[in-house]
A.B. asks: 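Structure in structure tokens, see below.
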Amino acid sequence: MQIKKQQTFGEVLTKKKKESNGTVKEVIAKLSRGLMLPIAMLPIAGLSLGIGTTIVSQASSEIGQAIGNILMMPGSVIFAILPLLFAIAIAITFTNDSGTAGLSALVGYAVFSVFQSALIIGRPDGYHDFLWYHFDSDMFNSLFTNIIGIDTLSSSIFGGIVVGALVAYLYGRFKNIQLPKLIGFFNGVRFIPIVTFGASCVLGMLFAMIWPMIGIGLYYMGIGLAYSGKYGGINSLIYGIFNRMLVPFGLHHILNTTLWFTSVGGTLNTAEQFYYQIDGVWTDSGYTYAALAHDKIASIVNGDINIQIEVSKMIGKSTLPHLSHITINDIIASYNFSHDQIVQDHSLLAIGQYTNFAYIIGLFGLPGAALGMLYAAPKGDGRKLAASIVIPGALVSSLTGVSEAIEFTFLFLAPWLFWGFHAVMSGIGGMITTTLIYYAPGIAPHVTFSFAQGFLDFVVYGVMPDARGGGTNCWILLIMSLIYLPIYFGVFYWAIKKWNLQTPGRGTATKLFSKADWVKKQNDAKNTSKPTAMRDKALEVITAYGGPDNIINIDACITKLRIQVKDKKIVNSDRLKQLGALGVTHPSPQSVYAVFGNEADIIKNLMKDIIAKGEYRVEEKPKTPPTLKN
């Protein structure tokens, strides 16, 4: 008879801590995915806004102005309602894409905002009462904004995320509720919008009581970060490093969202006056920033990206005396002058401090790393294999700015190159460009983006605004990126050769297909429609994860398939790599992530569909691929 060993108290605590850590990581992973849903809408909105703004600034006829506005306004509204979009995205992410939760989030955010609006009392002397708070016009304009036509606290995406989380909780708590027969019509999910209505009123009151203090704190946090940028670009150095370091865990989206869309990344009140210099004397232009942007309603704009999007509507040809063009540097100089001499809160505006660096990395930096890996691979089959992996990743990085594909190629094979070199170089790029903003404004770059920092966004937000005299100075990012190319190439080539790193083409771990597999794949591509081929791949992925019985939950972000399993020991990581995964990670006891690049979301949907329809069948266990010699 075997006697089961009793666990010590310490072992029990350690086990519980690991389980707790695993749950937290899974929640954060879901949160990251939820944040990416509204962000995924920004490319088309940004493209529409960028092209429309260019047309409006250059058109001399009413027809031209109308065409420009038709393109500009639809893009502009997406950025204006981002908090609402985040509320809906978080709600549906944590409720397995429930439409009811999405509708409830819309209801919740509207009620949450209107409740706060009802508490605003304007006074004849220009002050505003809000519960027990009393704000002068400057402070009121800093803390309140207008969203979907409602004057409400400027809680930005934080408010949206909290509303979305509240709806997700209510959905899980009440989705199966059974009410008395008299009101039985509202059983189940029909009850969710109703309970959301009441809960959002309570949430609105809580925010009304505490958010003014938090908002002021975040505002001054943003000022502090801006001042740290003045001293050698410290803020951008730290951000650039952590931005890349968090990529493997999917947590960089949380950091990015905070700096891009909240007051921590900067604040611009478009109700303020625009000042410019005439013969060295600062002059009030008579226009507010909102008037320069052709906005009918002034608002508080929070976050580096949001500010750049708003400013892009102000720059270009000018009708002001002694000022032929309004540039981004003119807006920065005006803001910093007025806040130093007039408003006297001494805050700083540094447009582009959290967006510039990634262009340096994405355009030519990472392609340089790809070339280093390519030429470090032995000639013949090894180099062909390396080319099949790194060249597509390099092109995607350069053209679209989506860098995860090439980054994950070397992350799992040479992690110190990722964290010890690549992340540091990202931070250095940010530090240099932010230092230029403060000490060499004539050449300082200010290039935002709508999706990712690649050539396409570079043209829309760098080249086109520069062409109309906007002063984005995009050329400096191009030069810096070209300088990064040989540095990345040299470091990667030297490191791979020096330590015989098993990068693509140099070891079995990076072989995606045998020669026979490759030939079969090519024939399948010719003889089989893409949807069928992808469905077959999804079937294979299910098998690699141990079959439907081993899968608890299926999810994905832009590049990673995020699967929760019962037993991760039976997950075949090698098979996942054969199927195209650039790497496999185990962030928690029940989570196994596979990096499939842009195919991740498609595979996720197909896996769900296959399992739901009972189409899965047990396949023959795949053979281990042959070893590729160095």
A.B. asks: Would you confirm whether Arg383, through its side chain, and Ala377, through its main-chain N or O, come within 3.5 Å as a donor-acceptor pair?
C.D. replies: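 Side chain of Arg383 to backbone of Ala377: a pair is present.
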A.B. asks: Nearest 0.5 angstrom please: Met431 CE to Ile238 CD1, how far?
C.D. replies: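 Rounded to the nearest 0.5 Å, the CE-CD1 separation comes out at 11.0 Å.
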A.B. asks: Taking all atoms of both residues into account, what is the closest heavy-atom pair of Asp304 and Gly352, and its distance?
C.D. replies: OD1-N, 3.0 Å
A.B. asks: Mind listing the side-chain donor-acceptor pairs of residues 478-488 below 3.5 Å, one per line with the distance, residues two or more places apart or on another chain?
C.D. replies:
residue, atom, partner, partner atom, Å
Ser481, OG, Ile360, O, 2.9
Ser481, OG, Phe364, N, 2.8
Tyr484, OH, Met425, O, 2.8
Tyr484, OH, Gly429, N, 3.2
Tyr488, OH, His422, ND1, 2.8

A.B. asks: If we ignore hydrogens and angles and just use 3.5 Å, is the side chain of Ser398 paired with the main-chain N or O of Leu395 as donor and acceptor?
C.D. replies: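 Checked: no pair found.
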A.B. asks: Determine whether Tyr545 and Ile554 make a side-chain contact, defined as any pair of heavy atoms from C-beta on separated by less than 4.5 Å.
C.D. replies: no
A.B. asks: Can you name the nearest heavy-atom pair linking Met245 to Ala423, along with the distance?
C.D. replies: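 What the structure gives for the nearest pair is CG-CB, 3.8 Å.
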A.B. asks: Between Ala376 and Ile496, which heavy-atom pair has the shortest distance, and what is it?
C.D. replies: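 Answer, listing the atom of Ala376 first, then Ile496: CB-CG2, 3.5 Å.
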A.B. asks: Give the minimum heavy-atom separation between Ser104 and Ile192, together with the two atoms involved.
C.D. replies: OG-CG2, 3.4 Å
A.B. asks: Please report the shortest heavy-atom distance between Ala101 and Val167, naming the atom on each side.
C.D. replies: O-CG1, 3.5 Å
A.B. asks: Can you find a pair of side-chain heavy atoms, one from Gln578 and one from Asn572, that are under 4.5 Å apart?
C.D. replies: no
A.B. asks: Rounded to the nearest 0.5 Å, how far does CG of Asn356 lie from CD1 of Ile361?
C.D. replies: 12.0 Å
A.B. asks: Side-chain contact test, heavy atoms from C-beta onward, threshold under 4.5 Å: evaluate it for Ser573 versus His586 and give yes or no.
C.D. replies: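 Yes - at least one pair of side-chain heavy atoms lies under 4.5 Å apart.
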A.B. asks: To the nearest 0.5 Å, what is the distance between NZ (Lys608) and CG (Asn96)?
C.D. replies: 6.0 Å
A.B. asks: Taking side chain as C-beta onward, heavy atoms only, is Thr543 less than 4.5 Å from Arg575?
C.D. replies: no
A.B. asks: For Trp499, enumerate each residue passing the ring pair (Phe, Tyr, Trp, His ring centres under 6.0 Å) test, keeping only those at least two apart in sequence or located in another chain.
C.D. replies: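 Trp499 satisfies ring pair (Phe, Tyr, Trp, His ring centres under 6.0 Å) with Trp416, Trp494 once adjacent residues are dropped.
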A.B. asks: For Tyr461 and Phe449, which heavy atoms make the closest approach, and how far apart are they?
C.D. replies: CD1-CA, 3.7 Å
A.B. asks: For a side-chain contact (heavy atoms from CB on, under 4.5 Å) check, start with the C-alpha distance between Val592 and Val584, then their side-chain angles and the critical distance, and finish with the verdict.
C.D. replies: CA-CA 7 Å; Val592 182; Val584 179; 3.6 Å; yes
A.B. asks: Could you work out, with side chain to side chain donor-acceptor pair (under 3.5 Å) as the rule, every residue matching Tyr109, not counting sequence neighbours?
C.D. replies: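 Expected list: none.
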A.B. asks: Report yes or no: does Asn550 contribute a side-chain atom to a donor-acceptor pair with the main-chain N or O of Val571 at less than 3.5 Å?
C.D. replies: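 No, the answer is negative, given that no donor and acceptor are paired below the 3.5 Å cut-off.
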A.B. asks: Any donor-acceptor pair under 3.5 Å linking the side-chain atoms of Tyr239 with those of Asn243?
C.D. replies: yes
A.B. asks: Check whether any side-chain heavy atom of Phe596 lies under 4.5 Å from a side-chain heavy atom of Leu576, and answer yes or no.
C.D. replies: yes
A.B. asks: Run the ring-centre check on Phe458 versus Tyr359 and record whether the distance is less than 6.0 Å.
C.D. replies: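 Centroid separation for Phe458 and Tyr359: below 6.0 Å.
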A.B. asks: Any chance the side chains of Tyr354 and Asn256 put a donor and an acceptor closer than 3.5 Å?
C.D. replies: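 Asn256 and Tyr354 do not have a side-chain donor-acceptor pair below 3.5 Å.
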A.B. asks: Return the set of residues passing side chain to side chain donor-acceptor pair (under 3.5 Å) with Ser236 (not counting sequence neighbours), or none when no residue passes.
C.D. replies: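 Partners of Ser236 by the side chain to side chain donor-acceptor pair (under 3.5 Å) criterion, ordered by chain and then number, come out as Thr434.
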A.B. asks: Between Leu606 and Val541, is any pair of side-chain heavy atoms under 4.5 Å apart?
C.D. replies: no
A.B. asks: Any non-hydrogen side-chain atom of Tyr171 less than 4.5 Å from a side-chain atom of Ser98?
C.D. replies: yes
A.B. asks: Under a 3.5 Å distance rule, please check whether Thr262 uses its side chain to pair with a backbone N or O of Leu259 as donor and acceptor.
C.D. replies: no
A.B. asks: How long is the span from the CH2 atom in Trp419 to the CD1 atom in Ile241, to the nearest 0.5 Å?
C.D. replies: 14.5 Å
A.B. asks: Are there over 12 heavy-atom neighbours, none belonging to Phe421, within less than 6.0 Å of that residue's CZ?
C.D. replies: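 Yes, the 6.0 Å shell around CZ holds more than 12 heavy atoms from other groups.
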A.B. asks: Going from NZ on Lys175 to OG1 on Thr95, what distance comes out if it is rounded to the nearest 0.5 angstrom?
C.D. replies: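 Rounded to the nearest 0.5 Å, the NZ-OG1 separation comes out at 8.5 Å.
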A.B. asks: Which distance, rounded to the nearest 0.5 Å, do you find between the CG of Leu477 and the CD1 of Ile432?
C.D. replies: 11.0 Å
A.B. asks: Take a 6.0 Å sphere around CZ of Phe418 and say whether it holds more than 12 heavy atoms from other residues, nucleotides or ligands.
C.D. replies: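 More than 12 within 6.0 Å, yes.
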A.B. asks: Taking side chain to side chain donor-acceptor pair (under 3.5 Å) as the test, write out the residues that go with Thr355, two or more places apart.
C.D. replies: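 Counting only residues at least two positions away or on another chain, Thr355 forms a side chain to side chain donor-acceptor pair (under 3.5 Å) with Gln308.
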A.B. asks: Asp549: what forms a side-chain contact (heavy atoms from CB on, under 4.5 Å) with it, not counting sequence neighbours?
C.D. replies: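 Counting only residues at least two positions away or on another chain, Asp549 forms no side-chain contact (heavy atoms from CB on, under 4.5 Å).
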A.B. asks: Would you say Asn306 and Trp260 make side-chain contact, with heavy atoms under 4.5 Å?
C.D. replies: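 No, too far: nothing below the 4.5 Å cut-off.
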A.B. asks: Give a yes or no on whether Lys497 atom NZ has more than 12 heavy-atom contacts from other residues, nucleotides or ligands under 6.0 Å away.
C.D. replies: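 More than 12 within 6.0 Å, yes.
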A.B. asks: For atom CZ of Phe242, decide whether the heavy atoms of other residues, nucleotides or ligands shown that lie under 6.0 angstrom number more than 12.
C.D. replies: no
